[in-house]
Asker: 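Please see the structure below; I have some questions.
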Number of protein chains: 2
Amino acid sequence: MEPEILELESFLPYRLYRLADAVSREFSRVYKDRHGLTRPEWRTLAGLGQHGTMTATALGEQSAMHKTKVSRAVAELERRRWLTRTPDENDRRVEHLTLTKAGLAAYREMVPLAKAFERELLAKFSDGERAAIAEGLAALERSTKELKAVP
Amino acid sequence: MEPEILELESFLPYRLYRLADAVSREFSRVYKDRHGLTRPEWRTLAGLGQHGTMTATALGEQSAMHKTKVSRAVAELERRRWLTRTPDENDRRVEHLTLTKAGLAAYREMVPLAKAFERELLAKFSDGERAAIAEGLAALERSTKELKAVP
DNA sequence: TTTCAATGGTTACAAATGAAACCAATCTGG
DNA sequence: CCAGATTGGTTTCATTTGTAACCATTGAAA
């Protein structure tokens with residue numbers, strides 16, 4: 001029996017990784033060039049901007065980050081005075097995180113840039129392609145959720 | 001005018017990154033658990049297994065890795081005696097990389113595992129979903145190629 | 001043919017990451 | 001009530017990564 005060959009270019013994990021890397025690298029310029037944020041810091045800002053107040057654990061779940069990443073990102077944003085921590089009344093292990101005025105200002109400045117980035121990216125496609133992207137990603141996401149559920 | 005909010009969960013760069021991270025993390029068990037390879041090392045092995053002989057530059061292009069990653073991965077695989085370097089006859093800066101018997105054996109052992117992984121992942125979807133995934137990814141890839149062409 | 005730019009590849013250093021240990025605080029079962 | 005397990009979050013350490021500088025060689029132009 002003939003030894004098999006794997007075509008890397010069409011291998012799903014590789015394709016996804018490469019795609020994400022390219023898109024995400026390009027988008028990182030928006031927050032890196034502008035404010036010198038790292039990706040975890042940007043996600044933290046985005047999470048708090050979107051939800052108002054969150055705990056570190058909730059942030060980690062929403063934005064798919066390991067708790068050490070969250071911890072470090074929060075520390076840095078606090079150092080910049082972009083967020084504050086408020087201890088929970090009932091459970092003193094928990095802190096509630098909220099953006100300060102400065103943090104909120106940065107968030108509001110960034111949102112339109114993020115949306116414009118996405119819009120421009122999607123503008124290149126036909127309606128059919130956009131639909132395929134939406135359906136394809138949704139299907140893949142469904143399948144990775146199962147991965148998490150089982151282990 | 002109302003300040004805008006960005007829904008992170010539906011933001012394309014974030015979705016792609018999360019997806020790639022989940023899939024690629026899961027797949028990494030195949031080469032990490034088995035042989036303690038890093039992702040660049042696995043890709044190097046895959047590239048050489050697929051093409052027989054390549055230069056480091058070609059490897060970097062094919063598998064979308066920065067040249068330092070390639071350099072380090074090659075050094076490690078050489079240390080394991082999974083590949084050898086042959087200086088180019090005409091240009092002494094260039095080296096041609098080839099898998100040794102041991103490297104080839106590892107490659108051949110891994111290919112079926114990789115294919116099985118992909119097959120199982122795709123088995124969860126309907127024909128329509130698989131078609132959407134194929135079309136959607138292809139469209140996205142086309143668009144990121146443009147990104148590279150322009151900068 | 002000498003000089004200067006470009007190319008293939010490696011190395012040094014700083015920053016980002018992941019794993020595991022850790023510290024409190026809280027919850028649970030006996 | 002209290003010993004052990006669990007949870008929220010931080011820290012430490014080793015590994016991985018990215019950037020930039022670097023070395024050697026080759027190519028191109030004057």
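Bear in mind that the values here come from a model prediction, so they are computed numbers and not experimental data. A note on names: the letters A, B, ... follow the listed sequences, proteins ahead of strands, and every chain is numbered from 1.
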Asker: Counting the atoms with a prime plus P, OP1 and OP2 as sugar-phosphate, which does A/N90 contact under 4.0 Å by heavy atoms, base, sugar-phosphate, or nothing?
Answerer: sugar-phosphate
Asker: Is the closest basic N to carboxylate O distance between B/R18 and B/D21 below 4.0 Å?
Answerer: no
Asker: Using heavy atoms and a sub-4.0 Å distance, could you list which residues of residues 32-50 of chain A are near DNA chain C? By number, please.
Answerer: A/T38, A/P40
Asker: Rounding to an integer number of Å, can you tell me how far B/L83 CG sits from C/dG9 P?
Answerer: 13 Å
Asker: Between the main-chain N or O of A/T38 and the side-chain N or O of A/E41, is there a donor-acceptor pair closer than 3.5 Å?
Answerer: yes
Asker: Round to a whole Å and report the spacing from CG of B/L59 to C1' of C/dG8.
Answerer: 13 Å
Asker: Do you see a donor-acceptor pair shorter than 3.5 Å between the side chains of A/Y17 and B/R39?
Answerer: yes
Asker: Between B/V70 and A/R92, which is nearer to the 5' end of DNA chain C once each is assigned its nearest nucleotide?
Answerer: B/V70
Asker: Would you indicate, yes or no, if D/dT11 has its OP1 or OP2 atom less than 4.0 angstrom from a side-chain nitrogen or oxygen of A/S71?
Answerer: no
Asker: So that I know where these two stand, are A/Y31 and A/F117 an aromatic pair - ring centroids less than 6.0 Å apart?
Answerer: no
Asker: Is B/K69 close enough to D/dT16 that one of its side-chain N or O atoms is under 4.0 Å from OP1 or OP2 there?
Answerer: no
Asker: Could you tell me the separation between the NZ atom of A/K67 and the C1' atom of C/dA24, rounded to a whole number of Å?
Answerer: 12 Å
Asker: Among C/dA25, D/dT19, C/dA19, which nucleotide sits nearest the side chain of B/H66?
Answerer: D/dT19
Asker: Could you state the atom-to-atom distance from CG of A/D91 to P of C/dC27 in whole Å?
Answerer: 6 Å
Asker: Between B/T98 and B/T53, do the side chains contain an N or O donor and an N or O acceptor separated by less than 3.5 Å?
Answerer: yes
Asker: Write down the distance between CD (B/E95) and P (D/dT26), rounded to a whole number of angstrom.
Answerer: 13 Å
Asker: For the pair made of CD in A/E76 and C1' in D/dG9, what is the distance, rounded to whole Å?
Answerer: 18 Å
Asker: On a plain distance test, is the side chain of A/R72 in donor-acceptor contact with the base of C/dG18 below 3.5 Å?
Answerer: yes
Asker: If you round to the nearest 0.5 Å, how far is CG of B/L77 from CG of B/L48?
Answerer: 8.0 Å
Asker: Using only side-chain N and O atoms of B/T68, determine if any of them is under 4.0 Å from OP1 or OP2 of D/dT17.
Answerer: no
Asker: Where the side chain of B/R85 is concerned, which of C/dT10, C/dT26, C/dG9 is the nearest nucleotide?
Answerer: C/dT10
Asker: More than 12 foreign heavy atoms under 6.0 Å from CZ of A/R85: is that the case here?
Answerer: yes
Asker: Please check the phosphate of C/dC23 (OP1 and OP2 only) for any side-chain N or O of A/R93 closer than 4.0 Å.
Answerer: no
Asker: Could you tell me the separation between the CE atom of B/M54 and the C1' atom of C/dG8, rounded to a whole number of Å?
Answerer: 15 Å
Asker: Tell me the interatomic distance from B/M65, atom CE, to D/dG18, atom C1', rounded to whole angstroms.
Answerer: 15 Å
